[in-house]
Q: 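Dumping the structure here so I can ask a few things about it.
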Amino acid sequence: MLEDELKELFKELNIERRPRTFGAADIIYHGQVVRGRRRAAAVAGSAFGATMLVVTVGFVLASSPEPANDPATPPTQVETTTPLPTESRPTPVTPTAPLDGTEDVEPSATTEPDSNSGPTRSPTQGTPMSVNDIPVTTLATPSPTAFEVAAYETHPTEALTHR
Amino acid sequence: MSWDAEFTEHFDRCADSMRFTAYLLCGNHHEAEDVVQAAFLKLYLAGPKLVRREGLDAYLRRIVVRIFIAERRRMRWRREKLTEVLPEVPVRAELSEDKLVVWRASTTIPPRQRAVLVLRYWQDLGVEETAAALQCSVGTVKSNTSRGLKALRQKLGPAFGVLWQEVTPNA
């Protein structure tokens, strides 16, 4: 059998002993050298990485634009002035809001203002005004609900004061 | 016991066995010395991190086999070209002619098959232990064993003396 031949061959080859060319002390010394080299490489690598991080952060902070030193100005408000709708044309009603069933209102969400009456600024104090001439200044408020429309139709002045 | 003392004790106990195993794997003493030294160095560096130190022999055997296979794989990309014929052929006088033919033929089979044959027929390892040492499956060990023996038989032929010229062209 070839397997037996191999085993006998291996046994015969093992008879002759050769002297050792290195010992445990050599391995330990070389291992300590390798370990020290790895530690030095790790320290150098971490130091290099930290330095690069600091330099990168400093570069980014230095290149960022400085904030404007202009004098403080009051914040601008975007005002939208819409004319007060007349009694014949009720304010737009959202289509989902149900009415009380008294009258039919167009369910359009947006209505075009009259071409004649453009947007006007808030009136000066002391000038007598009628209900129809009072402009309403809103700051992007949502469209009035059906309850507000009904309250406006019954008591226009109170509805304005409440708003 | 410190790791250095434990390592020294382990080295004195199994250095010769590992050197001979590496010699069977590599086919020459010089490469075997390098492989064993690298294996012991890896063991020394990995020792403090080992949780269990009961299977140091098996771990060292695995390192030796892995280093041998890695070295053989790396030889393809080296500039030095290794040849089968050495300038000074170390003829071992105590070996018979048949053993010498078997030895020459065993050095020509692929490294993995050679490692399987050495582990199974010299270290007397089972199929599972050989698979663990080579980090492969049991089926791979069986197939490598079969292929290695088949390659040896093809090299040797029915009569060793007739094929002596084929195995060793310079003889």
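Note on naming: letters A, B, ... go to the chains in the order of the sequence lines (proteins, then strands), and numbering restarts at 1 for each one.
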Q: Please determine whether the number of non-hydrogen atoms from other residues, nucleotides or ligands lying under 6.0 Å from atom CZ of B:Arg62 exceeds 12.
A: yes
Q: Indicate, with yes or no, if A:Tyr29 and B:Phe11 share a hydrophobic cluster defined by side-chain heavy-atom contacts under 4.5 Å among Ile, Leu, Val, Met, Phe, Trp and Tyr.
A: no
Q: Counting only heavy atoms from other residues, nucleotides and ligands, does the tally under 6.0 Å from CZ of A:Arg35 exceed 12?
A: yes
Q: Hey, what do you get for NE2 (B:His30) to OG1 (A:Thr21), rounding to the nearest 0.5 Å?
A: 10.0 Å
Q: Taking 4.5 Å as the heavy-atom cut-off, does anything in residues 39-49 of chain B contact chain A, and if so which residues?
A: B:Phe40, B:Leu41, B:Tyr44, B:Leu45, B:Pro48
Q: If you tally heavy-atom pairs under 4.5 Å against chain A, which of B:Leu117, B:Leu152, B:Asp16, B:Val36 wins?
A: B:Asp16
Q: Under a 4.5 Å heavy-atom cut-off, does chain A meet the side chain of B:Asp124, its backbone, both or neither?
A: side chain
Q: Among residues 125-139 of chain B, which ones touch chain A with a heavy-atom distance under 4.5 Å?
A: none
